[in-house]
Amino acid sequence: GSGDGQGQILQRFPEKDWEDNPFPQGIELFCQPSGWQLFPERNPPTFFVAVLTDINSERHYCACFTFWEAVESPQPQSHARNGKGEEEEEEEASAPVQPAQLFAPKSLVLVSRLDHAEVFRNSLGLIYTIYVDGLSVSLENVIGNLLTCTIPITGGAQ
C-alpha cells in the first residue's frame with residue numbers, strides 16, 4: 001500500500017548474545033530512523049556511525065551501511081475508471097498495469113565498543129561488495145577474518 005514497512009533481522013553474528021555484550025534490541029528501528037520505505041528509484045549507499053549508550057553508560061558505536069535492492073511489487077495495479085463505456089471499462093479493468101520497479105533498503109550493521117569509523121566503513125564496504133558481486137565466499141569466514149587478529153609478543157617471533 002503506502003510502501004511503509006518494518007525492518008527485519010535476516011542474519012546476525014554472533015547468533016547468540018554474549019554475556020558481556022548483548023545484542024542491541026530494536027536495532028532494526030535504528031538503522032532506518034525515517035522508517036522502512038520503498039522508493040521508485042535506487043538511492044546511493046549511505047553510511048553513518050552513531051553512539052548508543054546502554055543502561056550501564058557503556059558506549060556502543062553502531063556503524064550502519066545501507067544500500068537499495070530491487071523488490072517485486074506486491075500486486076499489479078488496475079487502471080482507474082475514466083468515464084468510458086461499460087464494455088471498455090471491463091476490458092481495461094481486467095488488464096493490469098505493470099507496476100514501476102521499487103527499491104527497498106537493506107542495512108549492514110556493525111556494533112562495537114571501539115570507536116573506529118573508518119575501519120567500520122571499510123569492513124562493511126567489503127561485506128557489501130562480496131554480497132553485490134555474488135562472490136562464492138562464506139560470509140561467516142569473511143566476518144571471522146575481519147574480527148580476528150594476531151598480536152605478536154613484543155620481541156618475539158613474527
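No hydrogens, no waters, no symmetry mates; every other heavy atom, side chains included, goes into these values.
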* To do: Evaluate the side-chain proximity of Ile27 to Arg12: yes if any heavy-atom separation is below 4.5 Å, no if none is.
  => no

* Parallel, tilted or perpendicular: which fits the ring planes of His116 and Phe120, with parallel below 30° and perpendicular above 60°? -> perpendicular

* Quick one: do Arg59 and Asp115 satisfy side-chain contact (heavy atoms from CB on, under 4.5 Å)? Show the steps, please. => CA-CA 9 Å; Arg59 290 181 175 192; Asp115 182 11; over 6 Å; no

* Heavy-atom side-chain proximity of Ser123 to Phe65 below 4.5 angstrom -> no

* Just by modelled atom types, is the Val71 backbone N or O under 3.5 Å from a matching donor or acceptor in the Gln101 side chain? -> yes

* Structure fact -> Tightest non-hydrogen contact, residues Pro44 and Trp68, listed as O-NE1, 3.7 Å

* Asked: Does Leu114 offer a backbone N or O that forms a donor-acceptor pair with the side chain of Ser112 under 3.5 Å?
  -> yes

* Asked: Is Leu146 reachable from Val119 through a run of I, L, V, M, F, W or Y residues, each pair having side-chain heavy atoms under 4.5 Å apart?
  -> no

* Evaluate the side-chain contact (heavy atoms from CB on, under 4.5 Å) criterion for residues Tyr128 and Leu108: first the C-alpha distance (whole Å), next the side-chain angles of each, then the deciding distance (0.1 Å), finally the verdict. => CA-CA 8 Å; Tyr128 167 72; Leu108 301 171; 3.9 Å; yes

* To do: Look at the side-chain heavy atoms of Ile, Leu, Val, Met, Phe, Trp and Tyr, link any pair under 4.5 Å apart, and say whether Phe47 and Val51 land in one connected group.
  => yes

* Structure fact -> Distance col, row Ser107:OG vs Ile9:CD1, nearest 0.5 angstrom, shows 11.0 Å

* **Glu15 atom CD, neighbour heavy-atom count above 12 within 6.0 Å** => no

* To do: Locate the shortest heavy-atom distance separating Phe103 from Glu41; write the atom from each residue and the value.
  => CD1-C, 3.3 Å

* To do: Spell out, yes or no, whether Ile143 and Leu135 are grouped together once hydrophobic residues are joined by side-chain heavy atoms under 4.5 Å, including indirect joins.
  => yes

* Closest heavy-atom pair and its distance - Pro40, Leu102 -> CA-CD2, 4.2 Å

* Structure fact -> To the nearest 0.5 Å, atom CG of Leu52 lies from atom OH of Tyr61 at 10.5 Å

* Check: Cys31 and Trp36 side chains under 4.5 Å, non-hydrogen atoms -> yes

* **For His60 against Glu58, the heavy-atom pair lying closest together** => CD2-O, 3.4 Å

* To do: Compare every heavy atom of Ala63 with every heavy atom of Leu124, then report the nearest pair and how far apart it is.
  => CD1-O, 3.8 Å

* Minimum heavy-atom separation for Glu28 to Gln8, with atom names? -> CB-N, 4.3 Å

* Per the side chain to side chain contact (heavy atoms under 4.5 Å, CB included) rule, which among Asp133, Val132, Leu126 passes with Ile130? -> Leu126

